[in-house]
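Predicted model, so just to flag it, every value in this text is computed and none were measured. The first residue of the sequence shown is numbered 1, and numbering continues consecutively from there. Atoms within a ligand are numbered from 1 in the order they appear, just like the ligands themselves.
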Amino acid sequence: MERKVALITGVTGQDGSYLSEFLLGKGYSVHGLIRRSSVDYRERIAHLEGTPNFHLHYADMNDSMSLVKLVGLVQPTEIYNLAAQSHVQVSFDAPEFTADVDAVGVLRILEAVRTNHLEKSCRIYQASTSELYGKVEEVPQNEKTPFHPYSPYAVAKLYGYWIIKEYREAYNMFCCSGILFNHESERRGETFVTRKITLAAARIAQGKQDKLYLGNLSSLRDWGYARDYVECMWLILQHETPEDFVIATGVQHSVREFCYLAFKHVGIELEFQGEGENEKGIDKKTGRVLVEVSPDFYRPTDVVNLWGDPTKAKRELGWNPAKTTFEQLVALMVEHDMKKVAADDAASRVHMNLAEYLEKGVVK
Ligand code: NAP
Ligand code: GDD
């Protein structure tokens, strides 16, 4: 019988958790790399722990030896390299750490595979990103669009993209990049803009937060559902030849639109008035200002026009980019957060603190 053994770095993250569920469902033995943390908080994969085919191992993307040992122990047939410092704003504050994990980390994985002589038997997926297009040179973006990275995060990820391509050509390895556009979910980190908005809408609707502060409301993104996107990671590694693919919905919306729709789902209709730093989202019914702009959330350089063209993935992988619509995505995130905020008093107290920090611009 064919061995199906997957090693996932970044298993505790949004995508790692969905990918684990997906691969377990396909009969894989799934091994996840976790790093030591003082709180050992693994909320997104807690429901999988104890599943017979699901195994966790300590290692770190900054520690080559731990990666070499782990790859040797697991002998994976597929590696999904999802681990990263994935927050663009944070990459301006911690650029060296970001480069170490997001750029050199990719090289360490490739070398761990070579050191264990698995280059002919192990396929590797690299979590590349639409941030590579950065200060975009054409709209929409496809596999041939030139890159113009526009943050320390994107520059680090560009190294990851090229080193994967280099090892594919130099050593004939089956390693590929999925150039994924933004994908969100109920499990999205709370300081990414979509989740920050859905949690705030839920808290404001339940009287637990007064106001939401955001940065650039006009920024445009192609937002998809993370659960749909992990299937593509797997499809890319099942493809006959190792190739890179853009994964996106092909539909673009602004942060302002996301905000409007999220609040509408909790019964608040917002009207946006003013411009730039003076723009406000006002509750049409009560006249209360619920959304304000804070320059604390502006970035030194911001990527403002991401819009993906998934034609190649549709054609060659048979992937359906329209499985979950933008409207469905917003609805499922808001519904989840309405329940979360209502159900968990202790948690919402923590969230209120976080919200206060967010309002002061301490946590981006
Ligand atoms: P995420 O929720 O932030 O998860 C990142 C994962 O990386 C976490 O499991 C984290 O572990 C792990 N990690 C960070 N530093 C590490 C280190 N030094 N050693 C080991 N593990 C480390 O990110 P995501 O949204 O799931 O995204 C997954 C990947 O896709 C990332 O590479 C991201 O850059 C890329 N990507 C994401 C999107 C998107 O829209 N979500 C789009 C394009 C590309 P801890 O839990 O211990 O922090
Ligand atoms: N985080 C955040 N917080 N972003 C805000 C805010 C805010 O208060 N207000 C406006 N924005 C704008 C940002 O300036 C950016 O233009 C856009 O909203 C999206 O920001 P994020 O949700 O933080 O995501 P991102 O696009 O920068 O990065 C995500 O997607 C990339 C793929 O394009 C991350 O998941 C990356 O890891 C991923 O590579």
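- With His87, His183, Arg299, Gln14 as candidates, the residue nearest to atom 27 (O) of ligand 2 on a non-hydrogen basis is Arg299.
- Residue Asn81 places no N or O, backbone or side chain, under 3.5 Å from any N or O of ligand 1.
- Figure legend: cation-pi geometry between Arg36 and Tyr58 absent, as NZ or CZ is not positioned both under 6.0 Å from the six-membered ring centre and within 45° of its axis.
- Checked against a 3.5 angstrom limit, the closest N/O atoms of Met61 and ligand 1 fall inside it.
- Two rings, from Trp319 and Tyr229, have their centers less than 6.0 Å apart.
- Here Ser86 has heavy atoms under 4.0 Å from ligand 2 in both its backbone and its side chain.
- Ion pairing between Glu78 and Lys4 fails under the 4.0 Å rule for side-chain N and carboxylate O.
- Remark: ligand 1 and Gln85 share no N or O pair separated by less than 3.5 Å (distance only, no angle test).
- Which parts of ligand 1 touch Gly13 is read off a 4.0 Å heavy-atom cut-off, strictly below it: atoms 2 (O), 4 (O), 8 (C), 9 (O), 26 (O).
- Shown in contact with Leu33 at under 4.0 Å from a heavy atom are these atoms of ligand 1, numbered in order with element: 20 (C).
- Geometrically, ligand 1 and Tyr153 share a nitrogen or oxygen pair separated by less than 3.5 Å.
- Only the side chain of Lys157 comes within 4.0 Å of ligand 1, judged by heavy-atom distances.
- When the heavy-atom distances from atom 6 (C) of ligand 2 to Asp222, Asn216, Val193 are ranked, the shortest goes to Val193.
- For Arg195, no heavy-atom contact with ligand 2 is shorter than 4.0 Å.
- Residue Phe192 has no N or O atom closer than 3.5 Å to an N or O atom of ligand 1.
- Between Tyr161 and Phe147, the ring center distance clears the sub-6.0 Å criterion.
- Of all atoms in ligand 2, listed by their number and element, those nearer than 4.0 Å to a heavy atom of Ser130 are 32 (C), 33 (O).
- The residues Arg42 and Glu49 are annotated as salt-bridged, a charged nitrogen and a carboxylate oxygen being separated by less than 4.0 angstrom.
- Near Ala127, meaning under 4.0 Å from one of its heavy atoms, ligand 1 places the atoms 29 (C), 30 (O), 32 (O), 35 (C).
- Atom CD of Glu275 is surrounded by 12 or fewer heavy atoms from other residues, nucleotides or ligands within 6.0 Å.
- You'll find the side chain of Phe245 stays beyond 4.5 Å of the side chain of Ser177, heavy atoms only.
- Side-chain contact between Met233 and Phe22 is absent, with no heavy-atom pair separated by less than 4.5 Å.
- Using modelled atom types, one finds a donor on one side chain and an acceptor on the other under 3.5 Å when comparing Gln126 with Asn81.
- Looking at Arg187, Gln126, Arg221, His183, it is His183 that brings a heavy atom closest to atom 38 (C) of ligand 1.
- The cationic group of Lys196 lies under 6.0 Å from the six-membered ring centre of Phe297 and within 45° of the ring axis, placing it in a cation-pi geometry.
- Atoms of ligand 2 lying under 4.0 Å from any heavy atom of Phe297, numbered from 1 in the order shown and given with element: 8 (O).
- The distance from ligand 2 to the heavy atoms of Val88 drops below 4.0 Å at these ligand atoms: 27 (O), 28 (O).
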Please lay out, stage by stage, how Asp228 and Thr324 fare under the test side-chain hydrogen bond (donor to acceptor under 3.5 Å, both in side chains).
-> CA-CA 8 Å; Asp228 300 340; Thr324 307; 2.6 Å; yes
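- Within ligand 2, the atoms closer than 4.0 Å to a non-hydrogen atom of Val303 are 16 (O), numbered from 1 in the order shown.
- Between His55 and His57, the angle of the ring planes lies from 30° to 60°, which puts this pair in the tilted group.
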Could you please spell out the steps behind the side-chain hydrogen bond (donor to acceptor under 3.5 Å, both in side chains) verdict for Tyr167 and Trp162?
-> CA-CA 9 Å; Tyr167 274 50; Trp162 280 111; over 6 Å; no
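- Within ligand 2, counting atoms from 1 as listed, the ones closer than 4.0 Å to a heavy atom of Val255 are 18 (O).
- Ligand 2 lies out of reach of Gln85, whose nearest heavy atom is not under 4.0 Å from it.
- For ligand 1, the atoms sitting less than 4.0 Å from at least one non-hydrogen atom of Asn182 are 40 (O), numbered in the order shown with element in parentheses.
- By the 3.5 Å distance cut-off applied to N or O atoms, Thr129 is not counted among the residues near ligand 1.
- The 12-atom threshold is exceeded at CD of Glu169, counting heavy atoms of other residues, nucleotides or ligands nearer than 6.0 Å.
- The residue from Arg42, Arg44, Arg35, Glu131 that puts a heavy atom closest to atom 16 (C) of ligand 1 is Arg35.
- Residue Ser86 has at least one heavy-atom neighbour below 4.0 Å for each of these atoms of ligand 1: 1 (P), 3 (O), 23 (O), 33 (C), 34 (O).
- Looking at residues two or more places apart in sequence or on another chain, you find a ring-ring contact (aromatic ring centres under 6.0 Å, His included) between His253 and Phe326.
- With Phe181 as the aromatic partner, Arg221 does not meet the cation-pi criteria of under 6.0 angstrom to the ring centre and within 45 degrees of the ring axis.
- By the 3.5 Å distance cut-off applied to N or O atoms, Gly215 is counted among the residues near ligand 2.
- Ligand 1 has an N or O atom lying under 3.5 Å from an N or O atom of Gln14, backbone or side chain.
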Derivation and outcome, side-chain hydrogen bond (donor to acceptor under 3.5 Å, both in side chains), residues Ser64 and Glu111 = CA-CA 9 Å; Ser64 323; Glu111 280 299 309; over 6 Å; no
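- Applying the 4.0 Å criterion to heavy atoms of Val101 picks out, from ligand 1, the atoms 15 (N), 18 (N).
- Interface atoms of ligand 1 facing Leu180, defined by a heavy-atom separation under 4.0 Å, are 42 (C), 43 (C).
- Ligand 1 lies within reach of Asp60, whose nearest heavy atom is under 4.0 Å from it.
- Taking 4.0 Å as the cut-off, Tyr153 counts as a neighbour of ligand 2 on heavy-atom distance.
- Within the listing of ligand 1, atoms 43 (C), 44 (C) sit less than 4.0 angstrom from a heavy atom of Ser128.
- By the criterion of a heavy-atom distance under 4.0 Å, neither the backbone nor the side chain of Lys157 is placed next to ligand 2.
- Proximity to Leu306 (heavy-atom distance under 4.0 Å) selects the following atoms of ligand 2: 33 (O).
- Judged as a ring-ring contact (aromatic ring centres under 6.0 Å, His included), and not counting sequence neighbours, Tyr260 has no contacts.
- Among the atoms of Thr194, none of the N or O lies under 3.5 angstrom from an N or O of ligand 2.
- Residue contact annotation: Val304 has no non-hydrogen atom under 4.0 Å from ligand 2.
- Among Ile179, Leu82, Asn62, the residue whose heavy atom lies nearest to atom 29 (C) of ligand 1 is Leu82.
- There is no side-chain donor-acceptor pair under 3.5 Å between Gln89 and Tyr298.
- Remark: the backbone N or O of Pro76 is not paired with any side-chain donor or acceptor of His31 at under 3.5 angstrom.
- For ligand 2 and Thr129, the ligand atoms under 4.0 Å from any heavy atom of the residue are 31 (C), 32 (C), 33 (O), 38 (C), 39 (O).
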